[in-house]
Amino acid sequence: PLVSGKLLFERANEFGFAVGAFNFNNMEFLKAILEAAQEEEAPVFLQTTESAIGYAGIEFLAGMVHAVKDSYKVPFALHLDHGRSVESVLLAIRYGYTSVMIDYSDKPYKENLEVTRKVVSLCSPLGISVEAELGRLVGREDEVESVEEVLVDPEQAKEFALGTGIDALAPAIGTAHGAFKFKGEPRLDFERLRRVKERTNLPLVLHGASGVYYEYVNEINMYGGELKGARGVPDDDVRRAIELGINKVNTDTDLRLAFISTLRRMMSEERRNVDPRKFLKPAMEEVKEVVKRRIRLYGSSGKA
Ligand SMILES: O=C(COP(=O)(O)O)N(O)CCCOP(=O)(O)O
Ligand SMILES: [Zn+2]
């Protein structure tokens, strides 16, 4: 059933595992995620960014989730990923989201603190969980670095947690969104993560955590794609981060790679087919498989 993110954050923090937070923009990804969670008997966050809402419309995205809120026995939260304004959070509340992120990490600290405190005052009385971010993920798309990376300051994290009353914190520890993470070798700042957990004891969130599995990258490159230098976070680093206190792991790129690799292969092999379902069904199945793989990696199988 559809539940508050608070429930998922608290249990994951108490028992030391992470809940998968999977992004969706359409019915196929949503169905794949929920079926994977059901088969793994795992809780999940279903999450949409503002660009997902721009693509599909919040009525469709929230409407689909509310339509199936009693159709799956596993608990799932509907989460606004990277909300960039109070208005965006209010819209999510209006459409029955049960968890939100207010991401003011690219603004001065004081602004981040004030706006986040405001969002907590709006959401907490409604039982809606609030996630915020400190430090800045380097936003690397197609190998082009767009923003300067700023790693989280553990002392500031403690003050921020106390000053805002957030339910969860996303500390920037070296990851980046997309398929091109890290300049050189993959490296997360585990010592910094440990200190943030020690000082806040909050449920922590890892953004930019996709593994970018070579089997999907290779298949995309074999069937007309061009992902040169694609690289993700090794599974062992995700495990280590969870041991150190990560309780929600954001996963978008791995689902995209699974979907697109299957789509490219099917489109190239079935040259007479014009029924979208013949391509979308196997692509959806592949997304389901990679979601199950990630749920097992996060230690959340059987934790529903
Ligand atoms: O942390 C992540 C995903 O990390 P990943 O790329 O490593 O999967 N996210 O918050 C997902 C961000 C998706 O943004 P958009 O819908 O604008 O493309
Ligand atoms: Zn993110």
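In listed order, ligands and their atoms are each counted from 1. Keep in mind the model is a prediction, meaning the values are calculated, not measured.
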- Query: Closer than 4.0 angstrom: is that true for some heavy atom of Ala52 and an atom of ligand 1?
  - Reply: no
- Message: Below the 3.5 angstrom mark, is there an N/O of Thr251, backbone or side chain, next to an N/O of ligand 1?
- Response: no
- Message: side-chain hydrogen bond (donor to acceptor under 3.5 Å, both in side chains), that's the test. Do Thr253 and Ser210 meet it? Break it down for me.
- Response: CA-CA 6 Å; Thr253 297; Ser210 276; 4.5 Å; no
- Straight-line distance of Leu255 CG to Lys288 NZ, nearest 0.5 Å: 13.5 Å
- Query: Using 4.0 Å as the upper bound for N to carboxylate O, is an ion pair formed by Lys303 and Glu40?
  - Reply: no
- Query: Do the charged groups of Arg199 and Glu155 touch, with an N to O distance under 4.0 Å?
  - Reply: yes
- Could you name the option among Ala21, Ser210, Ala170, Gly211 that has the heavy atom nearest to atom 8 (O) of ligand 1? Ser210
- For atom 9 (N) of ligand 1, what's the nearest protein heavy atom and its distance? Asp81 OD2, 3.3 Å
- Query: Would Lys6 count as a cation-pi partner of Phe9, with NZ or CZ less than 6.0 Å from the six-membered ring centre and within 45° of the ring normal?
  - Reply: no
- Heavy-atom gap Glu50 to ligand 1 smaller than 4.0 Å: no
- Query: Would you say Ala176 and ligand 1 have an N/O pair spaced under 3.5 Å apart?
  - Reply: no
- Ignoring hydrogens and angles, state whether a donor on the side chain of Ser261 or Tyr223 is under 3.5 Å from an acceptor on the partner side chain. no
- Does Asp189 come within less than 4.0 Å of Arg195, counting only side-chain N to carboxylate O? no
- Message: Show the atoms of ligand 1 that are less than 4.0 angstrom away from any heavy atom in His82.
- Response: 10 (O)
- Message: Yes or no: does Met101 have any heavy atom under 4.0 Å from an atom of ligand 1?
- Response: no
- Closest to the Zn ion (ligand 2), among the N/O/S atoms of His207, is atom ND1
- Message: Would Asp252 count as a polar contact of ligand 1, with the cut-off being nitrogen or oxygen pairs under 3.5 Å?
- Response: yes
- protein heavy-atom neighbour closest to atom 15 (P) of ligand 1 works out as Ser51 OG, 3.5 Å
- Angle in degrees, rounded to 10°, that NE2 of His82 and NE2 of His177 form at the Zn ion (ligand 2): 100°
- Message: Is there a polar contact, in the sense of an N or O pair closer than 3.5 Å, between Thr49 and ligand 1?
- Response: yes
- Query: Under 30°, 30 to 60°, or over 60°: which ring-plane class applies to Phe29 and Phe259, parallel, tilted or perpendicular?
  - Reply: tilted
